[in-house]
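Here's the structure, in structure tokens; my notes come after.
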Amino acid sequence: MDIRLTAEHERFRDTVRRFLDTALDDQLRQAARNCPGIFQDYATNIRWHRILYEQGWVAPSWPQRFGGTGWDLLQRHIWTTEASLAGAPGLAPMGLGMCGPTLIGHGTPEQQAYYLPRILSGEDYWCQGYSEPGSGSDLASLSLRADIDGGDYVLNGTKIWTTHAHHANRMFALVRTDATRKPQQGITFLLLDMDTPGIAVEPILFASGTHEVNQVFFDNVRVPRSNRVGAENDGWTVAKYLLEFERGGGGSARMQTALTRLKAFAAQTPNGVASLADDPVFADKLARAEVDLTAIQYTEFRILAALAQGGSPGPESSILKNLSADMGQRLSELTLEAIGYYGAVHQPNARRVGSNVNPIGPPAGVTAFPHYFNYRASSIAGGSNEVQKNIVAKLVLGL
Ligand SMILES: Cc1cc2nc3c(=O)[nH]c(=O)nc-3n(C[C@H](O)[C@H](O)[C@H](O)COP(=O)(O)OP(=O)(O)OC[C@H]3O[C@@H](n4cnc5c(N)ncnc54)[C@H](O)[C@@H]3O)c2cc1C
């Protein structure tokens, strides 16, 4: 794979840099840098989303006819790398990265015409109603009931671990429309408004103290049958298609930036007479992380290449999901190890440590611990590592 930039790509990179220089103000950069969780806070996310929408750059991976940028693979790579290096906030994936591509693949023309522009503009903010208590890895066992009553489904039951349900005005959900068949054959994929009477959202707080996920309760919630995506009882097909996008979302550019910052931090962190970067054990861990991260980046390119040809990410997305989850955790562990040399969890004034400028910046001590805790979840959310390995064994390796 050749990722050398042509002169045209270099010009594109300069355009991107100029845009980022002016579009990213201090508030956005600070909020991104101080973000303790996996997801950016809603207010920052939506502000950045709208700036990118105005620029026409909010959905680079979508086909151009639906509002994508028409960028080639390298341009997309340049964009994610530069945005990450410039310290841009991340965007929530539920609308742009999951529901949007699924509607493009499986929605009716009416659903596409109504929902896609609202996802692009940021008018709609989505959450994902898949998991239930007792139905996570074994998702097909889900039991939230949807009974038909005239032109509506009537929903009763609960969803759990619903990320940002407390901000979302829309949910895509899997519901049980037939309990008499094989579990996979009685599921339907629905779109619903979060302000429909009968929906209650209850927070679940993480050990780190942050609020990202919720439990959502449904008590006789009426959803028009026209809000179904795909055929009734064939929601499993749509659900699996969406999961490929969820798992193939990548994120190697952000991890690359985190590693670059960690290396700079280690180089300025005193460790006896030399710096932490000179410590052979720590240097070995950094080097191994760098090699593995390069492999992840190339895996991501392969998936992007499939998308660029109009395909879906395929079951190979589970490889990326698994490796990325492990890498996010490793980087959070290494950061914690490096921060440990300062011996303090909370260092609001840590930009200067002794005479050294701390290149991770003030939040290093503040976010290292929440990051460490929150990234434990990355090998569970979106399907656990063990489940991804089962998928790879079956669908990629054919075992
Ligand atoms: C931070 C976070 C955010 C989330 N956001 C959302 C969201 O927005 N929407 C949503 O619908 N869900 C969300 N989830 C839920 C997530 O999809 C589930 O937690 C995940 O699928 C695992 O399900 P479970 O928690 O029920 O664990 P279980 O399925 O009970 O698994 C427990 C353990 O058993 C292992 N295991 C289970 N089955 C097998 C098997 N066949 N082979 C080998 N090992 C197995 C698992 O790997 C795991 O280690 C989120 C979860 C987290 C942690």
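In listed order, ligands and their atoms are each counted from 1.
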I want to confirm something. Looking only at heavy atoms, which of Ala381, Ser384, Ser135 is nearest to atom 51 (C) of ligand 1? Ala381
Residue pair Gln215 / Thr158, side-chain donor-acceptor N/O under 3.5 Å: yes
Select the closest option to atom 16 (C) of ligand 1 among Ser379, Cys127, Ser131, judged by heavy-atom distance. Ser131
Under 4.0 Å, heavy atoms only, figure out whether ligand 1 is touched by the backbone of Val213, its side chain, both or neither. side chain
Check Lys285 with Glu333, please: is the shortest side-chain N to carboxylate O separation under 4.0 Å? no
Closer than 4.0 Å to some heavy atom of Tyr130 - which atoms of ligand 1 meet that? 11 (O)
Electrostatic pair Asp292:Arg288 at N-O distance under 4.0 angstrom: no
Which is closest to atom 42 (N) of ligand 1 in terms of heavy atoms, Thr210, Leu174, Asn390? Asn390
Report yes or no: does Ser84 contribute a side-chain atom to a donor-acceptor pair with the main-chain N or O of Ala253 at less than 3.5 Å? yes
Do Leu191 and Arg170 have side chains that approach each other closer than 4.5 Å (heavy atoms only, starting at C-beta)? no
Quick one: does Asn214's side chain get under 4.5 Å of His164's, heavy atoms only? no
Geometric cation-pi criterion, Arg228 with Tyr153: 6.0 Å, 45°: no
Of all the non-hydrogen atoms in the protein, which one sits nearest to atom 39 (C) of ligand 1, and at what distance? Val387 CG2, 4.4 Å
Using 0.5 Å steps for rounding, measure from the CE atom of Met194 to the CG atom of Leu192. 7.5 Å
Distance below 4.0 Å between atom 47 (O) of ligand 1 and any protein heavy atom? yes
Any idea which protein heavy atom is nearest atom 7 (C) of ligand 1, and the distance to it? Trp161 O, 3.0 Å
As an exercise, state the distance from CD of Glu212 to CH2 of Trp161, rounded to the nearest 0.5 Å. 12.5 Å
Enumerate the atoms of ligand 1 whose separation from the nearest heavy atom of Ala377 is less than 4.0 angstrom. 1 (C), 53 (C)
Among Phe206, Trp126, Tyr375, which one puts a heavy atom closest to atom 1 (C) of ligand 1? Phe206
Residue and atom name of the nearest protein heavy atom (relative to atom 9 (N) of ligand 1), distance in Å to one decimal: Gln128 O, 2.8 Å
So, is Thr162 polar-close to ligand 1, with some N/O to N/O distance under 3.5 Å? no
Which is it for Trp126 and Tyr115 under the ring-ring contact (aromatic ring centres under 6.0 Å, His included) test, yes or no, and what are the steps along the way? CA-CA 11 Å; Trp126 288 83; Tyr115 290 110; 5.6 Å; yes
Ligand 1 versus Ile380: contacting region, heavy-atom distance under 4.0 Å: both
For atom 38 (N) of ligand 1, what's the nearest protein heavy atom and its distance? Ser137 CB, 3.6 Å
For Gly382, state whether at least one heavy atom is located under 4.0 Å from any atom of ligand 1. yes
Atoms in ligand 1 flagged as close to Glu386, the criterion being non-hydrogen separation under 4.0 Å: 43 (C), 44 (N), 46 (C), 47 (O), 49 (O)
Verify atom 32 (C) of ligand 1: protein non-hydrogen atom under 4.0 angstrom away: no
Ion pair check, Arg47 and Asp25, cut-off under 4.0 Å: yes
Closest to atom 21 (O) of ligand 1 among protein heavy atoms sits Gly136 C, 3.7 Å
Could you identify the single nearest non-hydrogen protein atom to atom 8 (O) of ligand 1 and state the distance to 0.1 Å? Thr163 N, 2.9 Å
Tightest non-hydrogen contact, residues Leu96 and Ala59, listed as CD2-CB, 4.1 Å
